[in-house]
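Computed from a prediction, not measured in an experiment: that's the story for all the values here. Both ligands and their constituent atoms are indexed starting at 1 by order of listing.
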Amino acid sequence: MGKTITEKILEQHLVEGKSERGSDISIKIDQTLTQDATGTMAYLQFEAIGIPYIQTELSVSYVDHNTLQTDFKNPDDHRYLQSIAAKYGLYFSRPGNGICHQLHLERFARPGKTLLGSDSHTPTGGGVGMIAIGAGGLDVAAAMAGEAFYLKMPKVVNIHLTGKLPDFVSAKDVILEVLRRIGVKGAVNKVLEYTGPGIKTLSVPERGTITNMGTETGATTSIFPSDEITKDFLIAQERGEQWVLLEADDDAVYDETIEINLSELVPLVATPHSPGNVKTVKEVEGLKVDQVCIGSCTNSTLRDLKISANILKGKTISEYTVLTISPGSRQVVDHMIKSGEMSYLIEAGARILENACGPCIGMGLAPKSDAVTLRTFNRNFLGRSGTKSAQAYLVSPETAVVSAISGKITDPRTFGALPKIDMPKKFMVNDNMIIPPMEGKESIEIVRGPNIKPLPEFNPLPDKLEGEVLLKVEDDITTDHIMPAGAKILPLRSNIPEISKFVFNLVDPTFPDRSLEKQGGFIVGGDNYGQGSSREHAAIAPKYLGLKAVIVKSFARIHLANLVNFGIVPLTFENKEDYIKVEQGDKFQIDLTTIESGKVALKNLTKGMEIQLTHSLSETELKVLKAGGKLPFIKQKHVN
Ligand code: MIC
Ligand code: SF4
């Protein structure tokens, strides 16, 4: 029987388990990446594991999230990360160099390899035919220490592309079409694998846009084949020798197939406040736009900036609209400057920002009150822009710039002829802002600023959990709800006591105090709890406040793993209808002695009823939970 690309790579990297859909497996990780907002915690954990040198083929520490330096905290963290990289043998990408996923695709992603990144958009690497997975920082720290990565053998969905994108319709519209069809929980424990003649019309950066935002479907990852187009991209990045051919067999068996004819696609938009609320641009056309932001790891490639610049050439943006550009990397900027195209952006009135995440994560350039903000980004969750009353819409660069000119949401196909852009045969490669692993590492001292607080320690799991339902929430709660980001909170990522004061800040700001006062308790939620970011702070900080278990209809993959990693019990209602039988303030008693059987009884003492709970935890995950989390679990292993 033929194999999918996903199976080929996973089987080559299999450490434990069987290559059967749904079974628990572990795989060897070749490469890791971290960014600064998750990296500080990941490296504190790596230090705690106590391994003298990284065990991966390649690990890179990027700085791209916390680049707004309003005080000492972020620059102190950057120094810490640089000293860690030097001591433990990592590449260090300096602040200003660009966004981790864009840079990794340009400089390090390799077909056929596995990559684990402490950022949910790590699947961008799937654009060159690698299995690139987002995970919590502790899982990445463990991978750097040589531990295998545990996951469920995913189902593989064939996204079969035919045709060719019409003018003014681009890669972003492809992934928005996927989201329109399957929604934000349509691909949990699945890999989206792209096949068909249509893929030959998509360059690697365009493929990267699609695999990047595949994260918003809940997918474990997304992947394209490694073909001649991949080869040309790697040659253009002076990495031609790293190319290998990697395609699915003709008789590969997929669990599902989604047919997309690229020729039939139209400009699409994700409306507030979910990437899954997809409409055609035509449906929302005419809405006045206050802010347009081009950038983020989804759409900040040279292709995206070139098309934006050439549409804007000789025009001026609307007097009511602010336009920001945050380029993906220095390579992109270098090309734009040398070709003269950067001037088109500047002359049109764009505000050029740093090569970093920037407004995507509310790090500056928050929109005005009640603003309509049109973004080429991948997430439009409530409040993420930094302004709670703002309405964020996600679109392609083409729709974004045409709308910036008109000052209202505009179907870009009304613009006229699509300007032609020339892509270089060779990229301007300059790695002088990536510091390679150094010699003489033993003598290197780790530099810690006062904002870096030691890791909190947690106890092994007891047999019985007792407490109150501290919060009851709906479906699709994101990690941005649980542990918000933005310019004020992100600098506290290496300080758990401080950051925990902001848990559920947008939902119920009384949560941290109530939780501490009651000595912890439970959260009850709906479907897809914890979707979005990989930030393990959405588990560590609530754990610090005393959270014992989360009981929901269903979980998003990365958050579920993060809960286990920090000893919070993730349970689901056996019967989803039981969700309505529980209220905030109810007193619970949960008996964990039967957890190995897959079932757990919940006594609702307030309502005087028993509710059956269940879970999907593997044997290893149960052991991790019992040890009180992954760090004590790994330490135990190294001692034994
Ligand atoms: C995001 O886009 O939400 C982030 C910020 O990149 C996160 C990581 C983090 O919270 O640090 C992600 O996507 O994993
Ligand atoms: Fe950065 Fe935004 Fe990409 Fe997250 S989604 S890595 S914040 S650019």
### Task
Sort and list the pairs that fulfil side-chain hydrogen bond (donor to acceptor under 3.5 Å, both in side chains) and have at least one residue in residues 121-132, not counting sequence neighbours.
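Sorted result for residues 121-132: His121-Glu216, His121-Asn378, Thr124-Asn212.
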Only heavy atoms of [X], strictly under 4.0 Å: list the atoms of ligand 1 that pass.
X      : value
His65  : 4 (C), 5 (C), 6 (O)
Thr38  : 9 (C), 11 (O)
Arg535 : 1 (C), 3 (O), 5 (C), 9 (C), 10 (O)
Ser534 : 12 (C), 14 (O)
Ala37  : 11 (O)
Arg379 : 1 (C), 2 (O), 3 (O), 12 (C), 13 (O)

Mind checking the [atom1]-[atom2] spacing from [X] to [Y]? Nearest 0.5 Å is all I need.
X      : Y      : atom1 : atom2 : result
Ser403 : Tyr393 : OG    : OH    : 11.5 Å
Ile223 : Ile9   : CD1   : CD1   : 3.5 Å
Thr301 : Arg303 : OG1   : CZ    : 6.5 Å
Gln35  : Ser534 : CD    : OG    : 6.5 Å
Thr230 : Met130 : OG1   : CE    : 12.5 Å

### Task
For atom 8 (C) of ligand 1, grab the closest protein heavy atom and report residue, atom and distance to one decimal in Å.
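Residue, atom and distance for the closest contact: Gln35 NE2, 3.2 Å.
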### Task
Using distance alone, with no hydrogens and no angle criterion, decide if Lys172 and Asn299 have a side-chain donor and acceptor under 3.5 Å apart.
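Yes, a side-chain donor-acceptor pair sits under 3.5 Å.
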### Query
Among Val178, Val184, Val188, which residue meets the side chain to side chain contact (heavy atoms under 4.5 Å, CB included) test with Thr217?
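Among Val178, Val184, Val188, the one that satisfies the side chain to side chain contact (heavy atoms under 4.5 Å, CB included) with Thr217 is Val178.
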### Task
Using side chain to side chain contact (heavy atoms under 4.5 Å, CB included) as the criterion, point out the one residue from Arg493, Arg535, Gln45 that pairs with Ile540.
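The single option meeting the side chain to side chain contact (heavy atoms under 4.5 Å, CB included) with Ile540 is Gln45.
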### Query
Got a donor-acceptor contact below 3.5 angstrom from the Arg107 side chain to the Gln237 backbone?
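Yes, Arg107 side chain to Gln237 backbone: donor-acceptor pair under 3.5 Å.
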### Query
Of the choices His537, Arg493, Met363, which has the non-hydrogen atom that lies closest to atom 9 (C) of ligand 1?
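When every heavy atom of His537, Arg493, Met363 is considered, Arg493 comes closest to atom 9 (C) of ligand 1.
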### Message
Checking the N or O distance criterion of under 3.5 Å, is ligand 1 in contact with Asp119?
### Response
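Between Asp119 and ligand 1, an N or O pair is found under 3.5 Å apart.
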### Query
Can you check whether Asp480 has an N/O within less than 3.5 Å of an N/O in ligand 1?
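Min N/O separation from ligand 1 is not below 3.5 Å for Asp480.
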### Task
Indicate, as side chain, backbone, both or neither, the part of Arg384 found under 4.0 angstrom from ligand 1 when only non-hydrogen atoms are considered.
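The answer is the side chain of Arg384.
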### Query
Where on Ile361 is there a heavy atom closer than 4.0 Å to ligand 1, on the side chain, on the backbone, on both, or on neither?
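The side chain, only.
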### Task
Output the set of protein residues with a heavy-atom contact under 4.0 Å to ligand 2, ordered first by chain identifier and then by residue number.
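Protein residues near ligand 2 are His65, His101, Asp119, His121, Ser296, Cys297, Cys357, Cys360, Ile361, Asn378, Arg384.
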### Query
Does the distance from a Lys or Arg side-chain N to an Asp or Glu carboxylate O, for Asp139 and Lys630, drop under 4.0 Å?
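Counted as a salt bridge, because a side-chain N and a carboxylate O are separated by less than 4.0 Å.
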### Message
Tell me whether ligand 1 is touched by Met483 - counting only heavy atoms on the residue side and a distance under 4.0 Å.
### Response
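No heavy atom of Met483 comes that close to ligand 1.
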